Colleague: 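Provided herewith is a single structure, encoded as structure tokens, for subsequent inquiry.
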Amino acid sequence: MIWRQKQSGGDGSTNIQAQVVQYGVSYDDAKSIAMDVFRENFAKLSQNAHRLAIERADEFTANYLTELHEREPQAVGNIEDPGVQSDILEAQAGFVKSGDKDLGEVLVDILVDRTARTDRTTATLALSAAVTTAQKLTGSQFAALSALFVFKQLRLFGATRPEHLYQRIAQCLTPLRDDMMRLSDSDVQYLAALGCITISVGSRSIQQTLQTTYPGLFFEGINVNTAPQELSGAPETGPESVINKLKDTPAVARSLRDPTRFQIAAVDSEALDQIIERAGLQEYASVLHQTLTARPVNGETIIAELRTYSPPLGEIVDVYEAKSLPNCANTAIGTAIAHANVRKATEGRFSTPLEVWLS
């Protein structure tokens, strides 16, 4: 049974039901390689246990090869690599022992990313470790890693208003709400002991991360009626003077929160650079960037908006803060597992490649 259904493509797309992968190793050959290795290593089980193990391994392998064909078809030949085979066996064994389809989906996603690499890099080593480590985690621990990933590592493109961003965050995390509600302090310590997270004295709150990553979505808005007419270098009036002087250029727009006020017309620094280049405002680049982050909305306002938009997401935030996750960060292993779990939670709609975080 295939766990994650795929949409069939149009002309030129890869049909995941095809039986031959055009990269040197057929689907049947790839499956035979994976299953032969498994049978050789699990031949000593009792008859009933062996039968159930083969059924589960076959189910896992079918899902793995389907996902591999969909996402990394050029990597099918890597199944013959000894290191990849070792991790395939480890993932098969992990699923066979429990039959847990949620774990199976996470293992499949990790294994697909692992199969695409045969060089000895940090990403490859982290993925190999993640195959083993993921089998030792509960749903709550998966949820904690995913929350850290979304709140601290994920940059969501295309959000032009705060509510758009809240919607995207909710899509990633609200499917994990029930698991997150069961998170305990010992779960957090266990994740640290397994090398999935680090815990530090310093902390970075959700609102701080959002303000830093998407400053244009969390800009307070400036009243130009009381702003200086000329550019000012003073912290108290500098941003106001920049907005007032450039309010008739593409770099300034009406505030997202109050249409009587104004703000920088960019979500983040990269978007602002594009506006500056197109509008020929290079001489004002420095002061525009300073202004973009100079008047952030109060952090409590951000959390209140987030709770109002999605009460389940608000509950996740409560647990996140109560269990000191602002003091935590994912390691490379935790990132690999969280990336796969967010793919599972979004049913594959989150598709940003792992290379963004692990190269």
Side-chain angles (χ1 to χ4, degrees), residues 147-170 172-173 200 202-228 231-247 249-276 281 284-310 313-314 316-318 320-321 324-329:
L148 285 169
F149 181 74
V150 171
F151 285 134
K152 290 194 172 186
Q153 297 173 266
L154 187 57
R155 184 180 174 191
L156 295 163
F157 293 99
T160 57
R161 299 189 63 84
E163 56 267 30
H164 298 162
L165 179 63
Y166 301 147
Q167 179 187 35
R168 301 279 295 281
I169 294 173
C172 292
L173 291 181
S200 63
S203 67
R204 187 173 181 81
S205 68
I206 292 170
Q207 51 267 45
Q208 287 175 321
T209 301
L210 295 182
Q211 288 168 334
T212 301
T213 308
Y214 315 96
L217 298 183
F218 302 104
F219 193 95
E220 195 172 52
I222 286 174
N223 180 2
V224 297
N225 294 327
T226 59
L231 288 179
S232 166
E236 297 81 5
T237 59
E240 285 73 14
S241 70
V242 172
I243 293 290
N244 194 26
K245 183 172 183 62
L246 300 177
K247 65 179 181 297
T249 73
V252 175
R254 294 282 179 176
S255 171
L256 295 173
R257 298 170 179 277
D258 182 350
T260 68
R261 292 172 172 261
F262 291 83
Q263 68 169 78
I264 299 297
V267 171
D268 54 29
S269 292
E270 289 185 9
L272 179 56
D273 282 333
Q274 294 173 8
I275 293 172
I276 291 171
L281 296 170
Y284 299 108
S286 178
V287 293
L288 281 168
H289 278 284
Q290 292 171 14
T291 302
L292 178 62
T293 59
R295 296 290 183 262
V297 171
N298 182 278
E300 293 181 1
T301 299
I302 297 173
I303 296 301
E305 289 178 350
L306 192 149
R307 294 182 196 280
T308 300
Y309 180 83
S310 173
L313 189 55
I316 290 172
V317 169
D318 288 339
Y320 185 92
E321 294 178 342
S324 300
L325 290 181
N327 297 81
C328 302

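Small disclaimer: the values here were computed from a predicted structure and weren't measured. Any value given below was found using the heavy atoms of this structure, including those in side chains, with hydrogens, waters and symmetry copies removed.
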Colleague: Between L165 and F218, does a side-chain contact (heavy atoms from CB on, under 4.5 Å) hold up when you go through it step by step?
Modeller: CA-CA 11 Å; L165 179 63; F218 302 104; 3.9 Å; yes

Colleague: Of the non-hydrogen atoms in E300 and N298, which two are nearest, and what is the gap between them?
Modeller: N-OD1, 2.8 Å

Colleague: Where is the tightest heavy-atom contact between L306 and L313, given as atom of each residue plus distance?
Modeller: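 The answer is CD2-CG, 3.4 Å.
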
Colleague: For the CD1 atom of I264 and the CD atom of Q290, what is their distance to the nearest 0.5 Å?
Modeller: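 Taking CD1 in I264 and CD in Q290, the distance rounds to 11.0 Å.
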
Colleague: Between Y214 and L156, is there a donor-acceptor pair closer than 3.5 Å when you use the side chain of the first and the backbone of the second?
Modeller: yes

Colleague: Return the CG to NE2 distance between D268 and H289, rounded to the nearest 0.5 Å.
Modeller: 9.5 Å

Colleague: Determine the minimum heavy-atom distance between P250 and A265, stating which atoms define it.
Modeller: O-CB, 3.4 Å

Colleague: Are the side chains of K247 and R254 in contact, using a 4.5 Å heavy-atom criterion?
Modeller: no

Colleague: I'd like to know if the side chain of T213 reaches the main chain of L210, judged simply by a donor and an acceptor atom lying under 3.5 Å from each other, with no hydrogens or angles considered.
Modeller: no

Colleague: Determine whether S269 and L292 make a side-chain contact, defined as any pair of heavy atoms from C-beta on separated by less than 4.5 Å.
Modeller: yes

Colleague: When you look at V267 and F157, which way does the side-chain contact (heavy atoms from CB on, under 4.5 Å) test go after all the steps?
Modeller: CA-CA 9 Å; V267 171; F157 293 99; over 6 Å; no

Colleague: Between L246 and Y284, does the side-chain contact (heavy atoms from CB on, under 4.5 Å) criterion hold? Intermediate values first, please.
Modeller: CA-CA 9 Å; L246 300 177; Y284 299 108; 3.9 Å; yes

Colleague: Taking side chain as C-beta onward, heavy atoms only, is V224 less than 4.5 Å from I243?
Modeller: yes

Colleague: Kindly give the heavy-atom pair with the smallest separation between P215 and T293, and that separation in Å.
Modeller: CB-CG2, 4.0 Å

Colleague: For E270, give me all partners under salt bridge (Lys or Arg N to Asp or Glu O under 4.0 Å), at least two apart in sequence or on another chain.
Modeller: R155

Colleague: Hey, what do you get for SG (C328) to NZ (K152), rounding to the nearest 0.5 Å?
Modeller: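 Answer rounded to 0.5 Å: 6.5 Å.
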
Colleague: For the pair Q263 (side chain) and A253 (backbone), establish whether a donor and an acceptor sit closer than 3.5 Å, ignoring hydrogens and angles.
Modeller: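 The answer is no, because no donor-acceptor pair under 3.5 Å joins these two groups.
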
Colleague: Who passes salt bridge (Lys or Arg N to Asp or Glu O under 4.0 Å) against R168, sequence neighbours left out?
Modeller: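 Not a single residue meets the salt bridge (Lys or Arg N to Asp or Glu O under 4.0 Å) criterion with R168.
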
Colleague: What pairs with D258 under salt bridge (Lys or Arg N to Asp or Glu O under 4.0 Å), at least two apart in sequence or on another chain?
Modeller: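 D258 satisfies salt bridge (Lys or Arg N to Asp or Glu O under 4.0 Å) with R261 only.
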
Colleague: Which heavy-atom pair separates L148 from L325 by the least distance, and what is that distance?
Modeller: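 Where L148 meets L325 most closely, the heavy atoms are CD2-O, 3.4 Å.
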
Colleague: Measure the spacing between CG of L288 and CD1 of I275 and express it to the nearest 0.5 Å.
Modeller: 9.0 Å

Colleague: Side-chain contact, heavy-atom cut-off 4.5 Å: V297 with R257?
Modeller: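 The answer is yes, as the side chains (C-beta and beyond) meet within the 4.5 Å cut-off.
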
Colleague: Please list, chain by chain and in numerical order, all residues satisfying ring pair (Phe, Tyr, Trp, His ring centres under 6.0 Å) with F151, sequence neighbours excluded.
Modeller: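 If we apply the ring pair (Phe, Tyr, Trp, His ring centres under 6.0 Å) test to F151, skipping adjacent residues, the hits are Y320.
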
Colleague: Not counting sequence neighbours, which residues clear side-chain contact (heavy atoms from CB on, under 4.5 Å) with S205? List them please.
Modeller: Q207, Q208

Colleague: Examine distances only and state if a side-chain atom of K245 and a backbone atom of P228 form a donor-acceptor pair shorter than 3.5 Å.
Modeller: no

Colleague: The criterion is salt bridge (Lys or Arg N to Asp or Glu O under 4.0 Å); which residues satisfy it with R161, sequence neighbours excluded?
Modeller: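 With sequence neighbours excluded, R161 shows a salt bridge (Lys or Arg N to Asp or Glu O under 4.0 Å) to E163, given in chain and number order.
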
Colleague: To the nearest 0.5 Å, what is the distance between CZ on F219 and OG on S255?
Modeller: 8.0 Å

Colleague: Distance from T249 atom OG1 to I276 atom CD1, nearest 0.5 Å?
Modeller: 9.5 Å

Colleague: Should L217 and Q211 be marked as a side-chain contact (heavy atoms from CB on, under 4.5 Å) after you check the CA-CA gap, both sets of side-chain angles, and the distance that decides it?
Modeller: CA-CA 8 Å; L217 298 183; Q211 288 168 334; over 6 Å; no

Colleague: Between the side chains of T212 and R204, is a donor N or O closer than 3.5 angstrom to an acceptor N or O?
Modeller: yes

Colleague: For residues T291 and V287, report the shortest heavy-atom separation together with the two atoms involved.
Modeller: OG1-O, 2.7 Å

